[in-house]
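Have a look at the structure below, then the notes.
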Protein chains: 2
Amino acid sequence: MSRPPRARESVLDAFEEILIAGGERAATMDATARAAGVSKGGLLYHFASKEALEAGLIDRLGRLIDADVHEISNAADGAVAHYIRTSVMAGDPLDRAMLAVSRLAQGGSAAASAALHDARERWAGAVRPHMPDEASLNVVLLVSDGLYFNNMLGGAGPHPVLQDADMDALVALLEGLGRG
Amino acid sequence: MSRPPRARESVLDAFEEILIAGGERAATMDATARAAGVSKGGLLYHFASKEALEAGLIDRLGRLIDADVHEISNAADGAVAHYIRTSVMAGDPLDRAMLAVSRLAQGGSAAASAALHDARERWAGAVRPHMPDEASLNVVLLVSDGLYFNNMLGGAGPHPVLQDADMDALVALLEGLGRG
DNA sequence: GTCTATAAAAAGATAGAC
DNA sequence: GTCTATCTTTTTATAGAC
């Protein structure tokens, strides 16, 4: 249980934010250092290379997924509802890490792709016990992926993909699938 | 009906390919020119800036979407089945353009994001007449988005998201939704 | 741990020859 | 239409002071 240095976490936060807002191209060491309020040299003390910086972010995602999978399995409102409703961005640490690591995956990072694949398998494991068959499970997983996809493409659209009422109807429909 | 110069199309093909394989960062003017077999100066004759190159690719996507929306509406195997089955990458020109423009959208290109939002709305328009309500329509759209999302994250996984049999079961389930 | 200074390579773009 | 040469800025990374 090593508590990571404050500056290190600030750098990771800044890197994450720039990846989300501007993509891999915008997320340079320089821009990250500036946003984190440290010098380039300061950043390089904590992360000796760009690759190390990316690895740090991927590690952070892994820790957040651990907590989330546990939460889904114990959700009071039901695993499916909880899983689907939290697939639309609320801006919490997991959402942000997912988005940022997705950007890295798009940039060709094999480690980032592997981390996302791994996350998806662990979510599948948490939801599977609540579904009658694999086809229904696939619908739930793919709808969640679809929500992430829309979040990922950014708020460029005039309105969110789903209104609150649409989300309620969607969850009801998917839970119907869950009851066989 | 202007037929675009061969070299221009080669440049667009190369840019698309590099975006898909390596992301926005890898898709430099230099790399694109090299892959297209022209010099940087040659590329810049056809596309005067990086922005113009991206706009060229977005235009290409728009033309392919036109054709696809028409095809979905007239699909012999049913709109839903056709839409869902073609959401998983076959490597055809539309798949490639979608993937490449998604990379640009991730990089913060507002034009790319707008083009993808527009495509989604047009697909919704083509599928809506075949669904009993908006909740069912949303499931179909989101499953399609989810399939694209998984394609987008690349073949890093040990196996595709869906086996053939899983796809058949998925389509059957979604068509059940379509029948109310 | 954090900084400045600097190197080495790569980026987008211009100019002008052919 | 396509090329080479060149300019400017940005990017990653190193070296070494504090």
Side-chain angles (χ1 to χ4, degrees), chain A residues 2-60 100 103-104 106-112, chain B residues 2-60 100-101 103-112:
Chain A
S2 57
R3 76 205 76 60
R6 249 179 304 325
R8 207 190 119 102
E9 292 302 298
S10 303
V11 167
L12 237 31
D13 289 343
F15 185 49
E16 197 173 76
E17 170 60 28
I18 298 173
L19 275 172
I20 293 170
E24 48 158 347
R25 194 142 212 179
T28 65
M29 309 277 268
D30 213 0
T32 300
R34 241 178 301 122
V38 299
S39 68
K40 218 189 289 199
L43 186 159
L44 283 160
Y45 169 77
H46 294 289
F47 301 98
S49 69
K50 189 108 201 264
E51 209 187 327
L53 185 54
E54 297 182 2
L57 195 58
I58 291 169
D59 275 4
R60 170 185 277 189
R103 306 282 200 225
L104 294 180
Q106 305 274 311
S109 160
Chain B
S2 57
R3 73 200 89 31
R6 246 179 305 325
R8 207 190 120 102
E9 292 302 298
S10 302
V11 166
L12 237 31
D13 289 344
F15 185 50
E16 196 174 77
E17 170 60 27
I18 298 173
L19 274 172
I20 294 170
E24 48 158 347
R25 196 143 210 176
T28 65
M29 309 276 269
D30 214 0
T32 299
R34 243 178 300 121
V38 299
S39 69
K40 218 191 285 201
L43 186 160
L44 283 162
Y45 170 76
H46 293 288
F47 301 98
S49 69
K50 189 112 202 260
E51 209 186 327
L53 184 54
E54 296 182 2
L57 194 58
I58 292 169
D59 275 4
R60 170 184 277 190
V101 173
R103 306 283 200 225
L104 294 181
Q106 305 273 312
S109 161

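Proteins get letters first, then strands, A, B, ... in listed order; numbering begins at 1 in each. Just so it is clear, the structure is predicted and the values come from calculations on it, not from any experiment. For the numbers below, each heavy atom of this structure counts, side chains included, while hydrogens, waters and symmetry mates do not.
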Taking CD from Glu9(A) and P from dG1(C), how many angstroms apart are they, rounded to a whole number? 14 Å
Can you measure Arg34(A) atom CZ to dC3(C) atom C1' for me and round it to whole angstrom units? 16 Å
Identify which nucleotide among dA13(C), dA13(D), dT2(D) has an atom closest to any side-chain atom of Tyr45(B), counting heavy atoms from C-beta outward. dT2(D)
Do side-chain atoms of Ser109(B) reach the backbone of Ala105(B) as a donor and acceptor pair under 3.5 angstrom? no
Enter the distance from Leu43(B):CG to Arg34(B):CZ here, rounded to the nearest 0.5 Å. 11.5 Å
From CD of Glu54(B) across to C1' of dG12(C) the rounded distance in Å is 12 Å
Of the listed nucleotides (dG12(C), dA13(D), dG1(D)), which one gets closest to any side-chain atom of His46(B)? dG1(D)
Taken to the nearest 0.5 Å, the spacing of Glu54(A) CD from Glu24(A) CD works out to 8.5 Å
From the candidates dA13(C), dC3(D), dA13(D), the one with an atom nearest any side-chain atom of Val38(B) is dC3(D)
Round to the nearest Å and state the distance from Lys40(A) atom NZ to dA5(C) atom P. 13 Å
Once you round it to whole Å, what is the distance between P of dT14(C) and CG of Leu44(B)? 8 Å
Looking at Arg8(A), I'd like to know whether one of its side-chain N or O atoms comes within less than 4.0 Å of OP1 or OP2 on dT2(C). no
Scan Ser39(B) against the nucleic acid and name what it touches under 4.0 Å (heavy atoms): base, sugar-phosphate only, or nothing. base
Listed nucleotide nearest any side-chain atom of Thr28(B), set dT14(C), dA13(D), dG12(C): dG12(C)
Touch class at under 4.0 angstrom, heavy-atom based, for Leu43(B) against every strand present: nothing
Separation of Met29(A) atom CE from dA13(D) atom P, in whole Å? 5 Å
To the nearest 0.5 Å, atom CG of Leu53(B) lies from atom NE2 of His46(B) at 11.5 Å
Starting at CD of Glu24(A) and ending at C1' of dT10(D), how long is that distance when rounded to a whole Å? 16 Å
By nearest-heavy-atom nucleotide on DNA chain C, the more 5' of Gly37(A) and Arg25(A) is Gly37(A)
First of Gly41(B) and Ala31(A) reached from the 5' end of DNA chain D, by closest nucleotide: Gly41(B)
For atom CG of Asp30(A) and atom C1' of dA10(C), their distance in whole Å: 15 Å
Measure the CZ-CD distance between Arg25(A) and Gln106(B) for me, rounded to the nearest 0.5 Å. 14.5 Å
Under 4.0 Å, heavy atoms only, any strand: does Arg6(B) hit a base, just the sugar-phosphate, or nothing? nothing
